[in-house]
**Student:** 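My questions will all concern the structure given below.
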Number of protein chains: 2
Amino acid sequence: MAANILIVEDESSILELIALNLHQAGFNPIRAISAEYADNIVKETIPDLIVLDWMLPGMNGIEFAKRLRANSATKLIPIIMLTAKSDEDNKIEGLNEGADDYLTKPFSPRELVARIKALIRRRSPELVNDPIIVEGLVLDPSSHRVQVNNKSINIGPTEFKLLHFFMKNNNRVYSRNQILDKIWGDKSVIDDRTVDVHIKRLRESLKQSGYDKLIQTVRGAGYRFSNE
Amino acid sequence: MAANILIVEDESSILELIALNLHQAGFNPIRAISAEYADNIVKETIPDLIVLDWMLPGMNGIEFAKRLRANSATKLIPIIMLTAKSDEDNKIEGLNEGADDYLTKPFSPRELVARIKALIRRRSPELVNDPIIVEGLVLDPSSHRVQVNNKSINIGPTEFKLLHFFMKNNNRVYSRNQILDKIWGDKSVIDDRTVDVHIKRLRESLKQSGYDKLIQTVRGAGYRFSNE
DNA sequence: CATTCTTGTGACATTTTTGTGAAATATTTT
DNA sequence: AAAATATTTCACAAAAATGTCACAAGAATG
């Protein structure tokens, strides 16, 4: 389920640098050394995002982006444009022509990865399941684990879903019924108060790891996860 | 009491993108992958707003909008039309056929949310969930908190509702009976004077945070929340 | 198939909130 | 100034909301 990232870049050292970093970030890099080559790749598999060099031999980045935007199958693919030119005009033109973000060389790989995550998160949040961390409490959706100080804490399936839901929606109050809908699914004909019990169990698990007030009761309204 | 937003969109990635963003903005997204499906949903619950894709398999967006406009129960629901076509003709046709706003793909989720808020605010201002700030007093409906200088102040459920109501209706005088209707609901067979007591309790909470005269008594008329 | 884990519910305990009556203050009217 | 009216304050019992516990049924595991 890793996101496919197409990299279009003619300088192989940069191409490899990017590919390596994306791989390490858990993405699946697909390499293309020219727009024409990339075009063929796109015809086979629609990538989840494209990292596109501005200056390319043959068809350049802008043209390629235009082509993608003109085709209904590809027009929504997020594009991050790379360029060595740092002037504003190009940035504006790039964004106009359909780039969703823009990075000037030389760039830090870390920043590229961060921006890619941001874009992917916007379009297909299910593809980025980074661990969520609140006050040292780490919930990692991909490994289905909750850890504190690198030590896993024991937690039941429903408690996990609950905690995941809460951590994703930090600081917002949810009524028991909203929680039922989100965790159990709409079909549920389950008692409101079941939520209370699971909240209790979750609190207990968290308390054993030293987290005392992460889940707050908001009388008359529901529950809220918050570190404040 | 979050606003229900019906999203009618056949591409699931876009559907999810919109749903996620609406959820995070405090709305309650309802998903429909076709106009026919949406039609059934509308029969069950009237949404507060509809985000409607122009191109849909089966019945398309325009036709669906027409249907809604033809039915007195649904003709006032605000509709935001989404389209991949960027030409003006469609825009005009769309607006003529009953769309209240119009967004061309690809669009930024942030903008969609902004437009939705604008439309909802126009039709039902009470459904927009933004924090309300008066003289440093912050009431945030989504986290159900009242804060001063980033410090939460303690407040009971009824006091919260009261304060929320007052802050939304700054500077306006309400009689005890009006307040009873708004806060307790029509069913109330409750004594007028109960309002006085809750006003007292609210004043007390506010006073402890340094707000002394926010709620004013208007003799013979009722109460007013005002920072003047 | 037996064992272990997880789940939802009902019963009960605890805490918080609520509405009311009555008394105390305040404001206006006579 | 006294009377009449309106509002504030207080204490308290009833009601509502939440927390806790034990247990039987169900699901998952090996």
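Convention: sequence-line order gives letters A, B, ...; per-chain numbering from 1.
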**Student:** Should the pair B:K66-B:D39 be classified as a salt bridge under the 4.0 Å nitrogen-to-oxygen rule?
**Tutor:**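 Salt bridge: no.
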**Student:** What is the distance, rounded to the nearest whole Å, between atom CD1 of A:I179 and atom P of C:dG8?
**Tutor:**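 Atom CD1 in A:I179 sits about 14 Å away from atom P in C:dG8.
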**Student:** Could you tell me which non-hydrogen atom of B:L15 sits nearest to which non-hydrogen atom of B:I7, and how far apart they are?
**Tutor:** CD1-CG2, 3.5 Å
**Student:** Within the pair A:W184 and C:dG8, is there a side-chain N or O less than 4.0 Å away from OP1 or OP2?
**Tutor:**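 Affirmative; the distance criterion is met.
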**Student:** Side chains of A:S226 and B:R145 only: does a donor on one sit below 3.5 Å from an acceptor on the other?
**Tutor:** yes
**Student:** Let me know the distance between CD1 of B:I215 and C1' of D:dT7, rounded to the nearest Å.
**Tutor:**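 So the CD1-C1' distance, B:I215 to D:dT7, works out to 14 Å.
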**Student:** Looking at residues at least two apart in the chain, or sitting in another chain, which of them share a salt bridge (charged side-chain N to carboxylate O under 4.0 Å, His left out) with A:R31?
**Tutor:**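 Counting only residues at least two positions away or on another chain, A:R31 forms a salt bridge (charged side-chain N to carboxylate O under 4.0 Å, His left out) with A:E16.
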**Student:** How many Å lie between CD on B:Q216 and C1' on D:dA6, as a whole number?
**Tutor:** 17 Å
**Student:** Round to a whole Å and report the spacing from CG of B:D191 to P of C:dA22.
**Tutor:**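 Between P of C:dA22 and CG of B:D191: 12 Å.
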**Student:** Run the salt-bridge test on A:E111 and A:R115 with the 4.0 Å N-O cut-off and return the result as yes or no.
**Tutor:** yes
**Student:** I need the CD1-P distance between A:I190 and C:dT6, as an integer number of Å.
**Tutor:**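 So the two atoms are 17 Å apart, to the nearest Å.
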**Student:** Are A:R203 and A:Y211 close enough that a side-chain donor and a side-chain acceptor fall under 3.5 Å?
**Tutor:** no
**Student:** At under 4.0 Å between heavy atoms, how does the protein contact nucleotides 17-30 of chain D? Give one character per nucleotide, 5' to 3', with B, S or -.
**Tutor:** BSSSBB--------
**Student:** For the pair made of CG in B:L162 and P in C:dG19, what is the distance, rounded to whole Å?
**Tutor:**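 Between P of C:dG19 and CG of B:L162: 10 Å.
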**Student:** Between atom CG in B:L202 and atom P in D:dT8, what is the gap in whole Å?
**Tutor:** 12 Å
**Student:** Could you state the CD-P distance from B:E159 to C:dG19, rounded to the nearest angstrom?
**Tutor:**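 Spelled out: CD on B:E159 to P on C:dG19 is 11 Å.
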